[in-house]
Student: 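Dropping a structure here in structure tokens format, bear with me for questions.
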Amino acid sequence: MINVQHLTKDYGEIEALKGITFSVKQGSFFALLGPNGAGKTTTVRILSTLLSKTSGEVHIHGKRLTENDARIRRMIGIVFQQSTLDDMLSVKENLLLRGQFYGLRKATVLKRIDTLSEWMDFKDTLNQRVKTLSGGQRRKIDVARALINEPKILILDEPTTGLDPLTRRQLWTVMTRVRKETNMTVLLTTHYMEEVHDADHVVIIDRGEIIAEDSAHHLRLKHAKNMLYVTPKDVSTIETLSKALGGTSVEGRIHVPLNHPFDALKILSENRDTIESFEVVEGSMDDVFLNLTGRRFIP
Amino acid sequence: MSALIKRHLLSYIRDKWAVFFSFLSVFIILALFLLFLGNVQEASVPESIAGTNEGNYLIYSWIFSGLIVVASATVPLGFLHVFIKDSETHAMDDFFVAPLSRVYIVLSYMLSAFLAGVLLSMISFIATLILLIMLTGYMLPLISIIQVIGLLLLSNLMFASIFFFITTTLKTSSAHDNLSTLIGTLIGFLAGLYVPIGSFSVMFQSVLNVFPPMQMASLMRQAYMDDALKMVFTNQASVDNYRLFFGVDIRIDTWMLSGVTLIIIVALWAATFAVLSVYRIKRYAHKK
């Protein structure tokens with residue numbers, strides 16, 4: 001359980017965080033979404049005891065931040081934007097070293113490495129030096145390294161930035177497995193809208209302020225319309241058809257906003273004869289951001 | 001802390017190029033010596049023993065004592081690349097989020113710089129002893145070996161704390177690379193290896209002798225060359241001349257710096273920069 005109350009952070013004149021309040025439930029998948037410079041990394045660095053706050057209160061599992069930093073560090077594992085592994089050490093050495101920081105016995109750490117490498121499928125790279133790993137493999141080990149001390153909370157700070165789409169998907173498959181196995185709290189910061197689809201709770205942050213929060217599903221329902229795109233058989237009828245359907249014509253297609261995707265069925269069956277083709281697109285988190293800020297989401 | 005030190009040392013030693021570059025100045029000085037600096041030396045030994053094993057014992061003792069001082073400076077400096085890189089790439093943040101004392105984390109780099117220097121300069125020392133036997137048939141007496149080992153510890157301690165302090169004032173690893181290049185280029189000169197110090201005016205000698213490399217080199221020569229000097233020179237006046245010309249004894253203006261004085265000065269350098277470093281460590285370890 002993480003509880004953040006009116007958290008602010010100033011860098012001289014610049015207010016990086018303007019008093020944000022949120023809480024994260026134990027065992028949930030929590031996402032902090034926003035463009036670059038929104039204050040995501042600042043928030044994460046404060047929660048992980050790396051940065052001091054200007055004002056506000058933070059409690060992590062009942063422990064007050066700044067008073068109990070040592071206790072808090074034992075409860076969290078963090079994956080930074082940049083990999084922090086040692087190139088010159090093997091995967092196993094990297095993980096063993098991390099275990100030593102927490103005063104864990106070697107046998108305990110080895111057992112943990114065994115479990116993690118099974119879940120995350122990296123047994124075959126254990127004895128390789130990190131510098132020989134691909135970007136995706138490396139990221140997996142970064143996550144494993146953060147999990148060595150069996151943290152209650154895993155913090156992922158833009159973990160997939162710079163990875164190709166395939167590797168990103170692979171990492172998420174692995175993360176889903178880890179969450180299922182451990183039931184730990186995951187706090188993700190990202191500027192990839194599609195990564196928060198499964199989140200239990202999404203906080204959208206922009207310019208140091210929270211502009212919306214809810215489950216990803218509800219945010220889309222509330223702030224993003226599903227759209228039906230229709231191409232008419234006869235282009236000359238586009239304006240009349242568009243009026244009849246309650247949409248607008250854009251470059252030879254009619255855009256019809258829908259309250260629910262199933263509403264498309266009614267419209268399509270009623271106008272079956274005049275429609276050449278159609279497409280139903282679910283509202284995306286990009287639309288949520290656009291609707292909330294009036295700006296396109298540019299990461 | 002020992003886990004951290006082991007990690008720092010491994011990431012340095014396994015990086016073959018980093019180690020090579022730490023020794024680059026040593027290799028360059030060695031090459032220069034073989035190509036032409038050796039001639040200066042040969043001209044300076046008494047004619048009667050030129051070209052004999054005794055003569056070579058003196059010459060090689062001079063060059064080897066200088067080389068191990070250079071190694072004890074350039075290795076800690078080269079090692080500190082690990083520190084600046086970790087700070088630059090946020091690898092240090094990863095240590096900071098672990099339940100470890102921040103002061104210990106930063107201190108571990110300083111200690112590792114010292115240990116890396118001790119390890120590699122001791123290996124260099126052993127290498128010079130082997131070369132000495134192969135080239136001249138002579139071996140340093142036990143007392144000199146013990147003195148040299150003690151001086152290497154002191155030398156590494158001093159250079160590690162000086163360079164650690166300087167490195168904490170740098171922000172990027174490229175700044176550190178530039179510093180390493182600068183020191184690597186100057187050190188042979190500052191330790192009086194490229195050009196024997198006696199070639200300069202007394203004024204310029206005094207300036208050079210204020211700096212730690214020459215002071216350390218002087219101390220090291222006194223220990224390393226003691227046996228060879230006794231063997232080669234019988235005439236007091238000529239040995240005094242040799243010692244001043246080749247920087248075995250150094251002076252600031254008319255003040256001759258004795259061995260004891262030099263040890264005190266070097267220890268003060270080490271202590272001063274160690275204290276300054278502790279201040280830097282506190283700043284590093286404090287949350288921003």
Side-chain angles (χ1 to χ4, degrees), chain A residues 9-12 16 41-42 44-54 65-66 68-90 93-104 106 109 129-131 142 145-146 148-149 151 153-155 157, chain B residues 1-22 78-109 111-112 115-116 119-120 171-173 282-288:
Chain A
K9 176 68 187 177
D10 301 343
Y11 293 103
T41 297
T42 302
V44 160
R45 289 179 72 84
I46 292 172
L47 294 186
S48 57
T49 77
L50 281 172
L51 198 66
S52 62
K53 57 186 166 59
T54 304
L65 193 79
T66 65
N68 284 299
D69 285 4
R71 300 279 290 276
I72 288 174
R73 284 185 200 128
R74 288 196 171 273
M75 293 191 274
I76 58 171
I78 178 164
V79 177
F80 293 96
Q81 285 175 38
Q82 285 164 302
S83 171
T84 54
L85 298 169
D86 287 310
D87 280 347
M88 289 297 158
L89 305 188
S90 72
E93 284 171 326
N94 265 290
L95 297 174
L96 277 171
L97 177 76
R98 191 76 200 163
Q100 276 180 288
F101 290 171
Y102 293 86
L104 299 174
K106 192 172 176 183
V109 182
R129 284 211 186 160
V130 166
K131 69 171 176 182
D142 270 314
R145 186 169 151 110
I148 274 293
N149 60 316
I153 301 161
L154 177 66
I155 299 176
D157 189 14
Chain B
M1 179 110 97
S2 62
L4 274 172
I5 290 175
K6 188 180 158 203
R7 174 264 171 190
H8 301 331
L9 290 177
L10 276 180
S11 36
Y12 170 67
I13 286 169
R14 285 192 186 164
D15 187 353
K16 303 281 182 300
W17 283 107
V19 175
F20 172 78
F21 277 109
S22 300
F79 163 81
L80 285 167
H81 186 81
V82 173
F83 170 75
I84 196 92
K85 203 182 79 202
D86 284 351
S87 141
E88 198 180 39
T89 61
H90 301 293
M92 218 180 285
D93 287 347
D94 203 30
F95 300 145
F96 285 161
V97 294
L100 302 167
S101 150
R102 287 183 172 223
V103 173
Y104 277 178
I105 292 168
V106 185
L107 198 62
S108 71
Y109 287 96
L111 286 177
S112 304
L115 291 175
L119 182 72
L120 292 181
K171 286 215 165 61
T172 62
S173 56
K282 280 189 177 164
R283 283 190 57 165
Y284 246 84
H286 197 74
K287 271 199 239 178
K288 288 175 196 77

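In what follows, chains are A, B, ... by sequence order, proteins preceding strands, each numbered from 1.
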Student: Hey, what's the ring geometry for B:Tyr109 with B:His8, parallel, tilted or perpendicular (30° and 60° as the breaks)?
Tutor: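 Rings of B:Tyr109 and B:His8: parallel, as their planes differ by under 30°.
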Student: Select one option (side chain, backbone, both, neither) describing which atoms of B:Thr89 are under 4.5 Å from chain A's heavy atoms.
Tutor: backbone
Student: In terms of heavy-atom proximity below 4.5 Å to chain B, should A:Phe80 be classed as side chain, backbone, both, or neither?
Tutor: side chain
Student: Is it true that atom OH of B:Tyr104 has more than 12 heavy atoms of other residues, nucleotides or ligands lying nearer than 6.0 Å?
Tutor: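 No, OH of B:Tyr104 has 12 or fewer neighbouring heavy atoms, counting only those of other groups under 6.0 Å.
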Student: If you count heavy-atom pairs under 4.5 Å between each of B:Asp15, B:Ile13, B:Leu10 and chain A, which one has the most?
Tutor: B:Asp15
Student: For A:Thr42 versus A:Lys9, what's the shortest heavy-atom pair and its separation?
Tutor: CG2-CG, 3.7 Å
Student: Kindly say whether A:Arg98 contributes a backbone atom to a donor-acceptor pair with the side chain of B:Arg7 at under 3.5 angstrom?
Tutor: no
Student: Most heavy-atom pairs under 4.5 angstrom with chain B, which of A:Arg71, A:Lys131, A:Gln81, A:Gln100?
Tutor: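 Ranked by contacts with chain B, first place is A:Gln100.
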Student: Could you tell me which of B:Ser101, B:Ala3, B:Ser2 has the largest number of non-hydrogen atom pairs under 4.5 Å with chain A?
Tutor: B:Ala3
Student: Please classify the contact of A:Leu97 with chain B as side chain, backbone, both or neither, using a heavy-atom distance under 4.5 Å.
Tutor: side chain
Student: Tell me, please, whether A:Tyr102 has A:Arg74 positioned over its six-membered ring: NZ or CZ under 6.0 Å from the ring centre and within 45 degrees of its axis?
Tutor: no
